[in-house]
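Below is one structure, written out as structure tokens; the observations come after it.
Note that these values count all heavy atoms, side chains included, but never hydrogens, waters or copies made by symmetry. We count residues from 1, following the sequence as given.
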Amino acid sequence: MGTPTPRDAPRFVVDCPTRPILDQIADKWSMMVLTVLEEPTRFNEIRRQLEGVTQRVLTQTLRRLERNGMIARTVLETSPVGVEYSLTPLGQSFREPFTRLYEWTLANSDAIEEMQRAYDQRNAR
């Protein structure tokens with residue numbers, strides 16, 4: 001345990017190293033890509049499995065995941081040259097907590113939707 005801080009002190013400082021990691025984890029496309037990568041998968045196959053993602057956004061997402069060490073990019077010596085993506089050991093280690101989070105969302109999605117409807121009704125103008 002660290003030294004207690006005053007209540008008005010920020011809990012997460014601007015340069016906190018967890019911020020970019022949490023940003024990546026909270027990104028919907030990152031989560032979906034990590035789910036799709038059960039085995040090494042080519043770019044276009046990932047894209048087919050993620051309805052609504054653009055090529056640009058998927059490319060950016062894959063680059064961020066690769067930069068953060070969650071996935072590996074492998075150039076295949078095929079004609080034409082292909083690229084496939086796979087989870088790294090770090091990416092694999094994230095599957096368990098992510099699966100628990102995903103299962104929580106499934107178990108609670110009906111209740112959350114009901115709360116949203118009730119909120120919207122209370123705040124309708």
Same cluster (ILVMFWY, side-chain, under 4.5 Å), Leu22 and Met70: no
Salt bridge (Lys or Arg N to Asp or Glu O under 4.0 Å): which pairs involve residues 59-81, sequence neighbours left out? Asp23-Arg64
Is Thr105 close to Tyr102 at the side-chain level, that is, under 4.5 Å between some pair of heavy atoms? yes
Under 3.5 Å, which donor-acceptor pairs link side chains of residues 114-124 to any protein atom two or more places apart or in another chain?
unit_1	atom_1	unit_2	atom_2	d
Glu114	OE1	Arg117	NH2	3.0
Asn123	ND2	Tyr119	O	2.8

Would you say Val53 and Thr61 make side-chain contact, with heavy atoms under 4.5 Å? no
Student check: side-chain heavy atoms of Phe43 and Val83 closer than 4.5 Å: no
Does atom CD (Glu51) have a neighbourhood of more than 12 heavy atoms from anything else shown, all under 6.0 Å? no
Do Thr88 side-chain atoms and Gly69 backbone N/O form a donor-acceptor pair below 3.5 Å? yes
Kindly determine whether Leu62 and Ile46 satisfy side-chain contact (heavy atoms from CB on, under 4.5 Å), including the steps that lead there. CA-CA 10 Å; Leu62 290 167; Ile46 296 170; 4.3 Å; yes
Applying side-chain hydrogen bond (donor to acceptor under 3.5 Å, both in side chains) to Arg100 and not counting sequence neighbours gives Glu96
Could you work out, with salt bridge (Lys or Arg N to Asp or Glu O under 4.0 Å) as the rule, every residue matching Arg47, not counting sequence neighbours? none
Can you list the residues that meet the side-chain contact (heavy atoms from CB on, under 4.5 Å) rule with Thr54, with sequence neighbours excluded? Arg56, Val57
Those residues that, when tested against Glu45, pass side-chain hydrogen bond (donor to acceptor under 3.5 Å, both in side chains) (two or more places apart): Arg48, Gln49
Taking side-chain contact (heavy atoms from CB on, under 4.5 Å) as the definition, give me every residue that meets it alongside Ser79, ordered by chain and number, with sequence neighbours left out. none
Apart from Ile112 itself, which Ile, Leu, Val, Met, Phe, Trp or Tyr residues share its cluster (side-chain heavy atoms under 4.5 Å, direct or through members)? Trp104
Counterpart residues, side-chain hydrogen bond (donor to acceptor under 3.5 Å, both in side chains), relative to Asn108 (two or more places apart): none
Are Leu87 and Arg95 packed together at the side-chain level, in the sense that at least one heavy-atom pair is separated by less than 4.5 angstrom? yes
By side-chain contact (heavy atoms from CB on, under 4.5 Å), which residues pair with Thr35, not counting sequence neighbours? Phe98
Only counting residues at least two apart or in another chain, list the ones meeting side-chain hydrogen bond (donor to acceptor under 3.5 Å, both in side chains) with Thr41. none
Measure the CG-CG distance between Leu65 and Leu37 for me, rounded to the nearest 0.5 Å. 8.0 Å
Inter-residue atom distance Ile71.CD1 - Leu90.CG, 0.5 Å rounding: 11.5 Å
List the steps, then state whether side-chain contact (heavy atoms from CB on, under 4.5 Å) holds for Leu50 with Trp29. CA-CA 8 Å; Leu50 301 178; Trp29 294 118; 3.9 Å; yes
Only counting residues at least two apart or in another chain, list the ones meeting side-chain contact (heavy atoms from CB on, under 4.5 Å) with Thr78. Arg42, Leu76
